[in-house]
Number of protein chains: 2
Amino acid sequence: MEASEIYKCIADPQRLRILNLLEAGPLCVCHMQEILEVPQVKMSKQLSSMKQLGLLKAHREGTWMIYKLVDPVEGLITANLCYLREAACAECNQLQRDLTKREKLILKVTKIDNDCPQEVCQQITCC
Amino acid sequence: MEASEIYKCIADPQRLRILNLLEAGPLCVCHMQEILEVPQVKMSKQLSSMKQLGLLKAHREGTWMIYKLVDPVEGLITANLCYLREAACAECNQLQRDLTKREKLILKVTKIDNDCPQEVCQQITCC
DNA sequence: ACAATATATACTAAAATTAGTATATATCAT
DNA sequence: ATGATATATACTAATTTTAGTATATATTGT
C-alpha cells in the first residue's frame with residue numbers, strides 16, 4: 001500500500017475517526033454510524049473504500065457487518081493514531097470522545113438492549 | 001493547523017518530497033524543480049499552497065526565492081518524515097534518493113557553477 | 001532602457017472526490 | 001411468503017483538486 005493512499009484516506013476526518021474506533025476493536029456499521037453521527041450511505045461508502053484499499057476487512061454476523069482493521073495494522077496508521085492521541089488539537093479531542101462514546105455504546109447495547117454482535121460485546125469485561 | 005489539512009498536503013507525493021527536501025535545509029525553487037523534475041508552474045503552485053497552509057515560508061535573495069520550513073516544524077510532519085525514512089517502500093526510497101540528489105546539486109552549483117543562494121550553499125561544509 | 005533569469009498568477013480545461021436520493025440485497029423473525 | 005432491520009450499490013449532481021498555457025512581475029546585468 002502506498003503511503004500517499006494512506007494519507008489520502010486519513011485526510012478525511014471521518015475516515016480517521018473510523019480507524020481510531022476500530023483500533024480499539026471490531027464494530028458493526030450501525031454502531032459506528034451512531035458514534036460518528038453520519039448517514040448510513042456515507043458510512044457504508046467510506047467503509048467500503050477503506051476495505052478496498054486494504055485497511056479493513058469485514059464479515060457478517062446475522063444482519064450485522066462487523067468491520068475490523070486488517071492484521072497486522074498498517075504501521076503508518078498506528079504511528080499517526082498514536083501521535084494524534086498524544087497531541088492537543090480539536091481533532092485529537094474528537095478521537096478521544098469517540099472512544100469514550102464507543103465504550104458507553106457497547107455497554108448499553110450489550111447489557112441493556114442485549115442486542116450486540118458477539119465479536120463486539122466480547123470486548124466487554126463482563127458480557 | 002488541522003491534522004486533516006496536513007494529511008491532505010502530504011497525500012501528494014510531490015509535496016511530501018518537497019517537505020522532505022526542506023527538512024534538510026532551505027532551497028530555492030529552481031533547485032527543487034531540478035531535483036523533483038517537475039514543470040516550473042507546478043512547483044510554484046505547490047509551494048505557494050504549502051506556504052498558504054502555514055508549513056513553509058519564503059524570502060527573496062536576488063532573483064531566487066528561498067523556501068524553508070516554518071520554525072518550529074509541524075510535529076506531524078516531522079513524525080511522518082521520520083517514519084517514512086525508516087520504512088521500506090517505493091516512496092521511501094524516493095525520499096532518500098532526493099536527499100542524495102540534493103547534496104550533489106548543492107555541491108555542483110556551489111563549487112562548479114558558483115551560482116547558488118547564500119543561504120543554501122552555507123549548508124555545505126566548505127563553500 | 002533592455003534582455004535574461006527566476007518566480008508567480010490568471011484563466012481554463014480535465015479529473016477526482018464527495019454527497020444525496022433511490023433502490024437493491026441479505027438475514028432474520030413471523 | 002412477508003415484513004423488519006442492517007447494509008450495499010447505482011446513478012446523478014455538486015464540489016474540489018489538479019494540470020496546462022499564457023502572461024505578469026521582480027531582480028540583475030548590460
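Chain A is the first sequence line, chain B the second, and so forth, proteins listed ahead of strands; every chain is numbered from 1.
Residue pairs meeting the disulfide bond (SG atoms under 2.5 Å apart) criterion with at least one partner in residues 8-40 of chain A, sequence neighbours excluded, are absent. The salt bridge (Lys or Arg N to Asp or Glu O under 4.0 Å) pairs that include a residue from residues 84-99 of chain B are Arg17(B)-Asp98(B), Glu23(B)-Arg85(B), where partners are two or more places apart or lie in different chains. Listed by first then second residue, pairs satisfying salt bridge (Lys or Arg N to Asp or Glu O under 4.0 Å) with a partner in residues 56-78 of chain A read Lys68(A)-Glu119(A), not counting sequence neighbours. Applying the side chain to side chain donor-acceptor pair (under 3.5 Å) definition to pairs two or more places apart or across chains, those involving residues 38-49 of chain A are Asp12(A)-Gln46(A).
Legend: residues meeting side-chain hydrogen bond (donor to acceptor under 3.5 Å, both in side chains) with Glu37(A), ordered by chain and number and at least two apart, are Lys101(A). Looking at residues two or more places apart in sequence or on another chain, you find a side chain to side chain contact (heavy atoms under 4.5 Å, CB included) between Val73(A) and Leu69(A), Ile77(A), Thr78(A). Residues satisfying the disulfide bond (SG atoms under 2.5 Å apart) test with Cys82(B), not counting sequence neighbours, are none.
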Contact list (N/O, under 3.5 angstrom) for nucleotides 4-12 of chain C vs protein:
residue : atom : partner  : partner atom : Å
dA6(C)  : O3'  : Thr63(B) : O            : 3.4
dT7(C)  : OP1  : Val29(B) : N            : 3.2
dT7(C)  : OP1  : Met65(B) : N            : 3.1
dT7(C)  : OP2  : Cys30(B) : N            : 2.7
dA8(C)  : OP1  : Tyr67(B) : OH           : 2.6
dA8(C)  : OP2  : Ser44(B) : OG           : 3.0
dA8(C)  : N7   : Gln40(B) : NE2          : 2.8
dA8(C)  : N6   : Gln40(B) : OE1          : 3.3

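Non-hydrogen atoms lying under 4.0 Å from DNA chain C are contributed by Lys8(A), Arg15(A), all within residues 8-18 of chain A.
Between Glu61(A) atom CD and dA6(D) atom C1' there is a gap of 13 Å when expressed in whole angstrom units. Atom OH in Tyr7(A) sits about 18 Å away from atom P in dT17(C), given to the nearest Å.
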**Request:** Determine, stepwise, if the pair Met50(A) / Leu19(A) fulfils side-chain contact (heavy atoms from CB on, under 4.5 Å).
**Result:** CA-CA 9 Å; Met50(A) 291 163 86; Leu19(A) 292 169; 3.4 Å; yes
